[in-house]
There are 2 protein chains.
Amino acid sequence: MGIRDVAAAAGVSITTVSDALNGKGRLPDTTRVHVREVADRLGYRPSAAARTLRTGRSGLLGLTTTMRSTEPFALTEFAWFAELVRSATATALDLGYALVVLPASSPHDVWGNVALDGTIVVDPADDDPLVHELLRRGVPVVSGGHPGSTPVYGWVDNDHVAAVRSVLDHLADAGAERIGLLAAADGPGADKGVAGYRAWCADRGVPAITEEYEARTPGAGRAAAARLLDRGPDAVFGLHEGCAPELLDAARERALRVPDDLLLACCGEGADPSVTSLSLQPALAGAWAVELLVGVIEDAGAGPLLPAQRTVPTRLSVRDSSTRR
Amino acid sequence: MGIRDVAAAAGVSITTVSDALNGKGRLPDTTRVHVREVADRLGYRPSAAARTLRTGRSGLLGLTTTMRSTEPFALTEFAWFAELVRSATATALDLGYALVVLPASSPHDVWGNVALDGTIVVDPADDDPLVHELLRRGVPVVSGGHPGSTPVYGWVDNDHVAAVRSVLDHLADAGAERIGLLAAADGPGADKGVAGYRAWCADRGVPAITEEYEARTPGAGRAAAARLLDRGPDAVFGLHEGCAPELLDAARERALRVPDDLLLACCGEGADPSVTSLSLQPALAGAWAVELLVGVIEDAGAGPLLPAQRTVPTRLSVRDSSTRR
DNA sequence: CTGAAAGCGCTTACAG
DNA sequence: CTGAAAGCGCTTACAG
């Protein structure tokens, strides 16, 4: 079932079939309709591979993330990443593209086996070799997270420092005077988050109370939460998603009531509706990255582009856990 | 930078380049090495599109789910689905394939623009038209969840009824006599789950205490949790993931201590380490579905195949919330 | 052991 | 308004 069969059945040339089906050329509507009917009747589906080879466009976008650990997708940001991917997938489909998630590296050379119109690289390494390779091949790259010195066509990122300050300000407004920070040492944005916290503490002249842990180590988060509460904070900010249950558990074990004895706020998508949460809005990041990338792809050759940049707003959902009664 | 350039630079024919790079033909190692060196030096990357057109294999697997609501991916199973997709992606990559998530339907005909070697359909509708269309095009299909009367090459599924019974048995063993069930009416597997629960209650001669809610309606889960606890159960089983916080909140508001006054178990991946959870092991489902699919693709024409089937085991993680002190 | 040639199934100038 | 022909970049019989 190729275009030749349709042409034969419709009594026209393959050029006419192609034009009729793609809405191109100058054909009378009668021809167009006739060809479409015949194609439908035969159940003709154009070959995506042939179209891709001929046009040089596959309609496929890549999405990858530099995995710090060997884990597939970092544990500390699983929900964040999953939501980003979900949103990027949906946005790509809206724009007529499909999205394929690829590993930064893999045993098989999957990157070589897939024709990509563009790629989103989440949290690229500095001067990421993968990005350089893609650009050399003419594949546009947009990054999620600041690209550092890696040359990209655009990027999306949160203002991490401002985000941290907004949470700390909120806890302080709610009456906290000794705010502790729980952070995964190997988590994404941990550096910026901890730095922002320390700067805020310095500004206010209050002590920094931090505990860090290795997200990869089972039980490390739980232990760090316990250590942190033992240092007597009256509020705690959990910098990485999914730490709310561990902090709540640690509080319960110490008979600390939330929010009466301890205010609590966490990063994340707010799985627990009683815990104040700071969302990094991964859905926006994913959608915007795709929009930037598709813009680059479809405006190819529209002059020297400045790297496009969009700052993804964060959203603080204040819940019971940080509301003084 | 095509195969012709490499051939010219290496002083051989394109046949030899192709054979050398793909490890085919009978070439002396010296030729092979030489061609590879030249190709590397020129930074040659074979065109995936051309290879796909020529070989009829794209190395791409599709994954789709019938969305009951108009939501992208059902809310009641977001983490389940995300984990299934993550695992399917990783397994596909291990086997040399890439995976692309496609919607059951979309404004653009993305299905027609992507060449797929096979597709996984999660929770297909009965006699799913998409599956029929794919099979007509010669694209093998494996389903996640029982395919009903839809003809597929294989499927993976949990034994939902046995899974529900295992949780109820556990709660009964822990001393529960009035076990309530919280279920999303529009959730996946809700029918089987509720039926399994009622059958278990009938077997034991105990009353069925169920509350259902529409997952799409904000706050409905919270309200249903409250209604359920007001009916005085001494244990509760939450059939859909993510309901643990709502049940814990409802218990707290009623001054019911968990597990002292109320035993609690939930489906899901156990985000809260203090709550007993039944995992459906979506990672296994995703990995196995890909393995079945790749098996079908690579054994094409290996005789009349029975649909391959694998039952995905569930795993009950017993935590504090259902452990009587 | 190596190469010339056909052809995968389209789209797109171009000729009529 | 329509069609014959070229060609996208490979892989694969097949001939030498």
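Here is how names work: the chains are called A, B, and so on, in the same order as the sequence lines, proteins then strands, and each is numbered from 1.
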(message) Has B:Asn158 got a side-chain atom pairing as donor or acceptor with B:Val312's backbone, closer than 3.5 angstrom?
(response) yes

(message) If I take atom CZ in residue B:Arg51 and atom P in nucleotide D:dC8, what distance separates them, rounded to the nearest angstrom?
(response) 18 Å

(message) Categorize A:Thr15 for me: base, sugar-phosphate, or nothing, with a 4.0 angstrom heavy-atom threshold over every strand shown.
(response) base

(message) Looking at B:Ser18, I'd like to know whether one of its side-chain N or O atoms comes within less than 4.0 Å of OP1 or OP2 on D:dC10.
(response) no

(message) With a 6.0 Å cut-off (strictly less than), is the heavy-atom count around CZ of B:Arg137, excluding the residue itself, greater than 12?
(response) yes

(request) Would you please say whether a donor-acceptor pair under 3.5 Å links the side chains of A:Asp123 and A:Thr65? (result) no

(message) Can you tell me which nucleotide in D:dC1, D:dG3, C:dC10 comes closest to the side chain of A:Thr16?
(response) D:dG3

(message) Strictly by Watson-Crick or wobble contacts shorter than 3.5 Å, is anything paired with C:dA4, and which nucleotide is it?
(response) none

(message) Side chains of A:Ser149 and A:Asp127: any donor to acceptor distance under 3.5 Å?
(response) yes

(message) At less than 4.0 Å, is any side-chain N or O atom of B:Ser13 found next to OP1 or OP2 of C:dA4? Yes or no.
(response) no

(request) For B:Lys24 and C:dC1, give me the distance from atom NZ to atom P, rounded to whole Å. (result) 19 Å

(message) Rounded to whole Å, please give me the gap between CZ in A:Arg57 and P in D:dC8.
(response) 19 Å

(message) I need the minimum non-hydrogen distance between B:Val110 and A:Ala98, along with the two atoms involved.
(response) CG1-CB, 3.8 Å

(message) Side chain of B:Ser47 only, heavy atoms from C-beta on: which candidate in C:dT2, D:dC10, C:dT12 is closest?
(response) D:dC10

(request) Let me know the distance between CG of A:Asp29 and C1' of D:dT2, rounded to the nearest Å. (result) 16 Å

(request) Grab the CG-C1' distance between B:Leu53 and C:dT11 for me, whole Å please. (result) 13 Å

(request) For B:Ile14 and C:dG7, give me the distance from atom CD1 to atom P, rounded to whole Å. (result) 15 Å

(message) As a test of understanding, state which of B:Ser143, B:Pro140, B:Pro124 forms a side chain to side chain contact (heavy atoms under 4.5 Å, CB included) with B:Val152.
(response) B:Ser143

(request) Let me know, please, whether A:Arg4 or B:Arg26 comes out on the 5' side of the other along DNA chain C by nearest nucleotide. (result) B:Arg26

(request) Taking only the side-chain heavy atoms of A:Thr55 (C-beta and beyond), determine which of C:dT11, C:dT2, D:dG3 contains the nearest atom. (result) C:dT11

(message) Using heavy-atom distances to pick each residue's nearest nucleotide on DNA chain C, tell me which of A:Met1 and B:Val12 is more 5'.
(response) B:Val12

(message) So A:Thr31, base contact, sugar-phosphate only, or nothing? Heavy-atom distance under 4.0 Å.
(response) sugar-phosphate

(request) Sort out the partner of D:dA13 for me: Watson-Crick or G-U wobble, both distances under 3.5 Å, none otherwise. (result) none

(request) May I have the distance from A:Asp19 (atom CG) to C:dA13 (atom C1'), rounded to whole angstrom? (result) 11 Å

(request) Could you state the atom-to-atom distance from CG of A:Leu21 to P of C:dG9 in whole Å? (result) 16 Å

(message) Of the options D:dC8, C:dT2, C:dC10, whose atoms approach the side-chain atoms of A:Ile3 most closely?
(response) C:dC10

(message) From C-beta outward on B:Arg54, which listed nucleotide comes closest to its side chain: C:dC1, D:dG9, D:dC1?
(response) D:dG9

